[in-house]
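In what follows, a structure is listed as structure tokens, so that the remarks can point back to it.
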Amino acid sequence: MRNYFYIKRLNISLLIGAIVILAGCGDPILDIEESNAYHWQKNMNEAEFEKLKEGMSYMEVVKIAGGAGDMIKNDQYRWNDEILMTKTYIVRFKDDKLVEKKINEVKEHKK
């Protein structure tokens with residue numbers, strides 16, 4: 001009988017430990033994107049783009065934009081415009097520091 005209580009206490013301790021470990025393994029980018037009220041808010045708008053400053057880290061840019069960018073080249077990411085979808089915002093990093101940003105106009109598809 002005594003072994004039963006020891007095993008039960010051990011199982012509860014292991015369960016609590018697993019919960020603590022799993023809670024600490026969250027994805028910060030996913031947390032940022034899930035905090036948006038709408039899925040399109042993970043894109044960027046011009047006001048957010050203007051807040052970006054040279055030397056910012058990728059995670060700082062993700063927090064401002066509300067979501068992760070699409071990697072288009074090594075250390076270069078693209079965010080679509082969240083309002084009109086007529087622009088893309090290109091941000092380039094070097095050693096996880098913002099070094100260049102630019103706006104590209106999206107051209108219509110020709111039929």
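Taking hydrophobic clusters as Ile, Leu, Val, Met, Phe, Trp and Tyr residues chained together by side-chain heavy-atom distances below 4.5 Å, Ile103 shares a cluster with Ile64. Clustering ILVMFWY residues whenever any of their side-chain heavy atoms sit less than 4.5 angstrom apart, transitively, puts Phe93 in the very cluster that holds Met71.
Nearest heavy atoms, Gly55 versus Lys97: O-CD, 3.1 Å. When all heavy atoms of Asp81 and Asn43 are compared, the pair lying nearest together is C-CB, 4.3 Å. Across all their heavy atoms, Lys53 and Glu50 have their closest contact at NZ-O, 3.3 Å. Counting all heavy atoms, side chain and backbone alike, Ala68 lies closest to Trp79 at C-NE1, 3.4 Å.
For the pair Lys101 and Phe49, the cation-pi criterion (under 6.0 Å, within 45° of the ring axis) is fulfilled.
For Tyr89 (side chain) and Glu46 (main-chain N/O), a donor-acceptor pair under 3.5 Å exists by modelled atom type. Proximity of a side-chain donor or acceptor of Lys87 to a complementary backbone N or O of Val106 within less than 3.5 Å is not detected.
In this structure the side chain of Glu82 reaches within 4.5 angstrom of the side chain of Glu48, judged on heavy atoms. Residues Thr88 and Ile90 meet the side-chain proximity criterion, which asks for heavy atoms closer than 4.5 Å.
When each of Asp96, Asp75, Leu98 is paired with Tyr58, the side chain to side chain contact (heavy atoms under 4.5 Å, CB included) condition holds for Asp96 and for no other.
Considering CD1 of Ile29 and CE of Met59, their distance stands at 5.0 Å, rounded to 0.5 Å.
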